[in-house]
Every structure is written in structure tokens, then in C-alpha cells.
Amino acid sequence: MQIIPYLPPEKFRCITDPVDLCIYVNALAGAPWFTIDTETTGLDTATAELVGVSLAYPVNAEATDFDAAYIPIAHKDKSLPQIPLGDVLYTLRPIIEGDQIKALHNGGYDLSLLSKYGLTFGLRTHDTMFMSYVLGGGKHGHGMDELAMRHFQYNTVKFDEVRVTELGHETFADVPILDATYYAAEDSYVTAALFAHLRSELKAHGLIDTYLTVDAPLMPVLADMKFYGVGFDRSSIEGIKSSLQTEIVELEREIIDMAGREVVLGSTQDLGKLLFAELHLPSHVKTKTGAQSTGKEALEKIENEHPIIPLIQEWKEVAKLQSSFTDTLLEAQNKATGRIHASFNATFTNTGRLSCSNPNLQQAPKRSERGKVVRRAFVPGPGNLMFAGDYSQIELRVLAHITGDPTLLEAFHSGLDIHQATAAKVLGKAFADVTPEERQHAKTSNFLIIYGGGPKKLAAQARIPVRQAEKFIADYFANIPGVPGWIEETKKFARQHGYSETLFGRRIYTPLAQSGDQYERFRGERQAVNGVIQGTSADLMRLGMIKAAHELRKFHPDIKLLMSVHDELVGECPATLVAPAFGILQHAMETAADEFMTWEVPIIAEGGVGNNWLEAKPIGKGEPVII
């Protein structure tokens, strides 16, 4: 398909009369599908106001051309009439909420925004960003401008070309209506072209089922999570920030006393000078420019060389927590709702893992005491409780299922500690005789297999000699043969095809696996192995979110999913509903893939309920909830 290099302004219509809008919508309703996009006053859906709506639909059976229009609602430009918001919502509601196929690009924003106006999209809603992601994964970006150029060699009008700050434009409401018409209608036109093209590509590559099963139903779930947001106790976060600042000052004083001079800890150059030129500590890690690194890995390698190193590590952790999390949380609190409305992004990573932004809630520390304090600050609304479910060792369960290794399968079916069972098998010892140190080596090895590490990484993380690490890994592969066999098969497939596949058909593109450079090829092969495990785990989480959201909504509309943080789902609901809500979440997560496959290992979701995120207490199935 090809879009002509330039779409003339007369290609797009500006609808300013309610009667004309009804006529256009009636024609659109007769089409097999349509696209829709919103123009607003800002990116924060909780506070943004609707300025206009654009639509497009195919005018021929081949879907090679489209009728695109813009409906201005709240521009400051008075040169043309505009249709009142209420009239637009009334006219569009039947097609938005109906069964007709509709497509958006980055539709989570539009769904979240229109939720404010009481509009709920029907089930047959698609997102061309998700469609592109299933096809291309991490090979390229999935923004509209990039996709228009990639697929059609078409250069779209950019936002800053119509909203010109030099002309005093603060928001899209300041853009003249005719300029806005071309920009907005073009968006819906290009989205329509992308939908037609990408749908054909998904079918041609055998990926349509993956998209329809794992990705398309997720978009409205993420939109709802952003719209509802999560509550937090601002005073608690401010108290944490103050406490962290006190820690930072005290750590800086200790470091300066030990160094014998002022140290600019935020300067890698000054810190490097202190460690390597003045204290003469060994340097084991270089930066890309060849400089001596003062990063996390470099400090871990020398943390026993001088008592100042643990202090610097501690300072870095506390300073990062303050600047990248507590400060960000306070800035992100929505003034209108008092909640955090983070964006959960489904098309940013190569493996299918969700990312989070504005703010990144996945940065919330989990195991440390500081992490516990931070999690306690996330609270439900009045009269509500929080509930959470966390997949238990999901990546290792996926590894056991895929490889079919008897040792791993037996450990999970028997409910044994997987790392202790691994150590017992590798070392030829009785399960009860495995030492904590041996269990830790096995645990490190289990995860190194997933993340593509080798003896040097095991030696560094376990703090053992490289030769000992080499022997442990060799014994691991000899005694757990299902794993190395599967690894070699996956590497071979990646070398042949340039990608690996999850159990649900998602392709994890690893072009480096086909590189002529040995170092790059090895790196690509590691990515392929890791991609299958992480990608399958990510797909399961997506399916869990989809099923949980559907079942929870069906049970009661006041039960909401709030966050997805790594392998954990968090929600809230009225206290009287929390026991069944947690049960539904747990069951949905554990059975999310049952209609598509049969697991060779039990899938477990642990969690519970509480007055805040931290206190979501574990409860057994069928146990009463007591708060």
C-alpha cells in the first residue's frame, strides 16, 4: 500500500454543523471499520480537556483510500463554528460503544481520556501501535510518524508544526481550526492506512492470533489502570524524602571524613580520581570510552578493598531512591484526583515486559527496609482495601516447562525449594544436606541460565574463584541436561531466523544472532534464550491482566486493577469485596493460559490483602480475610 507523497488540504473535511456530523457518522457506521483520534489540551488525561475529534473510514473494499474528517469542539479560534461537546459525545457514543471494529494509534490515551466523559469502547477495539509491536518487537519504534515513513514513505505533519509556541500557542486549543483539521484528520487517515496494512501483515506472518489473544485485549486494561490511578499518602512520602535526605547528609559526612577531602559524589570524574588515583584501588571495569568505571558493577568488584566503598554504594542507593522515586512521586501526584496516574507501556521492550513511566512505579524497591516504607505509602481510597497477586518464580517455572527437565519438574511438583533441589542434584547430595552457600550458588546459576551469564558472572556474584564457577556450571549442565539441550536448540533457531519465539507465538527479534562477529553473535544468542523465558513470562502476565480485569469487572464494577509491577498485580476495592476480589485475581493469574496450553508445572500466584501495598498479607485459598 502507498500513500501519495502529499495529501492536499481538500482531502480532509472539517465538520462544524451537527447535521453534517450525523450524516458523516451514518456513512461511517456503514463501513466495515473506522479509526478515531482525540485532540486535547495536554498529555495528562486526568486534567486534559477535549478540543476535537478526528475520524476516518475506508471508501473502497480494498481499503486503499479513506474519508477523514475533523470535528472541532473547543478551539479559541472563532472564525468557524464548532459543535458543542455534548452534541459530539451524543452522536459518537453509539459507534464508540458499539460492535463495529474501530482502531486507534496509542489508543490507551484516548480510551483513558474519553472515560472521563462516560464513554466506554466496545470489545472490537484495536491499536495500530500494538499491531506494529507484535510484528516488529524491539527492531524499531512504533510511533505513528515512524511507521508512516517505514511503511508508506509518508512524512506526517508534526505536532510542533501546528502548535507553534512562537505564535503564542500553549495548547492545541490555540491552534487555528483549519490547521488543526489537516493535522488531526491526517492522524486518523494514517491510522486507517496502518490498520489495513498491519492487519494484512499480521495474517501473512502468522501472528494474528498472538495479537488478538495477548495484545489487543490488553490496551483497554492499561487505559483503565491509568484512568483510575493509585492513591498514596503524600505526608508519608514527604517524611521518607526527609529521612532519605538526612541519610544522604550523614553518608556524605562519613565519606568525606574517610577520604580526607571534599568529594563530589555525583561526579564520576571526581569519584574516579578518589578511588583510583588517590586510594589506588584496582579498576576492573571500563566505560565505553575507556575510562575507569565507578558504576554499580565496578564498585561491587572492589567493595571489600576499602571501607569507603560500601558507604559510596549506600549513598548511591539512597540518592537514587530520593531523586528518581520519591521526588518524582510528589511531582506526579495529580492535583485534581490526588492520585498517581502512571502510564503502563506495552510496546517499549523487546520481550513483551511492560514498562512504566510518569512516574516509573517499577522502581519501587521491594526487599529493603526503605522499600517497605515506600510501599506502605501506597494506599487505597476511603473505605477500600488493597489486594495483590505475585507470580511465584514464574521464569524458572517457564524454564522447567519448556526444557522438560525432570529435576526442575519434580522440584516444582513436590513443592521443594527449587534452588536447594537444583544444588542437591548438581552436587550429588541429599536435599537436606545442601548448605545455604550451595543453595545460593544454585540460585545464581538458575538465573544466570535465564539471563545468559557464564562462569565469570557466577564467580563475581557468588564471590567464588572462576574455576569453581566453571565446575559448578559444568556440573549443572551435566546433571540437568534438559536445560543445555534446549539452550542449544534456541541458539540454533535464532542463528537461522534472527528471532526466538515465546510459547504464545511472540517473536523476540535478535538480529545479532546472525552477525558475522563472534562477540555480537554470542550476545544475540544470549538475548534469544533470555527472550523466550522472559517473553513467555511477560505474555502470561498480559493474559493474567486481561483475564483478571474481565472477571473482576464482571463480579463488581467497584473492583479496580491499579498497577502491574514486574510479576505483581495490585488492585483495590471496597473492604466488603476484598476477599472475593483477591480470590478472583489469584485464580485468573494462575489459569490465564489454560485455554491455550497445559502447563507441565503448577503456576502459583501468591499475595493477599491489606490497608496498603506493603501490608497485602498472604492468605491461603478459602481462608477468611481479617484486617
On the 0 to 90° scale, with breaks at 30° and 60°, tag the [X]-[Y] ring pair as parallel, tilted or perpendicular.
X: F472; Y: H441; value: perpendicular
X: F447; Y: H419; value: tilted
X: Y133; Y: H142; value: perpendicular

Inspect the surroundings of [atom1] in [X] and state if more than 12 heavy atoms from other residues, nucleotides or ligands are less than 6.0 Å away.
X: L43; atom1: CG; answer: no
X: E170; atom1: CD; answer: no
X: R523; atom1: CZ; answer: no
X: K471; atom1: NZ; answer: no
X: K139; atom1: NZ; answer: yes
X: K286; atom1: NZ; answer: yes

Please check if the side chain of [X] supplies one atom and the backbone of [Y] the other of a donor-acceptor pair under 3.5 Å.
X: Q362; Y: L354; answer: yes
X: R163; Y: D174; answer: no
X: Y509; Y: L135; answer: yes
X: T510; Y: L512; answer: no
X: R397; Y: Y391; answer: no
X: E146; Y: G141; answer: yes
X: S115; Y: L111; answer: yes
X: S323; Y: A319; answer: yes
X: T444; Y: Q440; answer: yes
X: T41; Y: E49; answer: yes

Under a 4.5 Å cut-off applied to non-hydrogen side-chain atoms, are [X] and [Y] in contact?
X: L104; Y: Y109; result: no
X: L585; Y: L561; result: yes
X: S500; Y: V529; result: no
X: L562; Y: Y228; result: yes
X: L329; Y: Q333; result: no
X: V426; Y: E438; result: no
X: F378; Y: L361; result: yes
X: Q534; Y: V398; result: no

Assess whether side-chain contact (heavy atoms from CB on, under 4.5 Å) is satisfied between I255 and I308, documenting all intermediate values. CA-CA 6 Å; I255 291 169; I308 201 172; 4.0 Å; yes

Can you tell whether the side chains of [X] and [Y] come within less than 4.0 Å, N to carboxylate O?
X: D44; Y: K226; value: no
X: D224; Y: K560; value: no
X: E250; Y: R253; value: yes
X: R261; Y: D270; value: yes

Do S357 and N345 have side-chain N/O donor and acceptor atoms under 3.5 Å apart?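 Short answer, yes.
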
Pair S343-N358, side-chain donor/acceptor within less than 3.5 Å: no

Passes side-chain contact (heavy atoms from CB on, under 4.5 Å), I309 versus L281? Steps please. CA-CA 10 Å; I309 302 300; L281 297 176; 3.8 Å; yes

By the salt bridge (charged side-chain N to carboxylate O under 4.0 Å, His left out) test, which pairs, at least two apart or in different chains, include something from residues 332-343?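 Matches after skipping sequence neighbours: R339-E572.
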
Name all pairs fulfilling the salt bridge (charged side-chain N to carboxylate O under 4.0 Å, His left out) condition that reach into residues 228-246, sequence neighbours left out, sorted by first residue then second.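 Pairs touching residues 228-246 that pass the test: R234-E238, K241-D327.
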
Determine, step by step, whether L299 and I312 satisfy the side-chain contact (heavy atoms from CB on, under 4.5 Å) criterion, reporting the C-alpha distance in whole Å, the side-chain angles of both residues, the deciding distance to 0.1 Å, and the verdict. CA-CA 9 Å; L299 294 179; I312 294 172; 4.0 Å; yes

Apply side-chain contact (heavy atoms from CB on, under 4.5 Å) to the pair M144 and D187, showing each step before the final yes or no. CA-CA 8 Å; M144 181 186 293; D187 272 3; 3.5 Å; yes

Once rounded to the nearest 0.5 Å, what's the spacing between atom CZ of F325 and atom CG of N360?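 If I round to the nearest 0.5 Å, the distance is 8.0 Å.
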
As an exercise, state the distance from OG of S293 to NZ of K301, rounded to the nearest 0.5 Å.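 Between S293 OG and K301 NZ, I get 10.5 Å after rounding to 0.5 Å.
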
What closest approach, in Å, do A332 and P359 show between heavy atoms, and which atom pair accounts for it? CB-CD, 3.6 Å

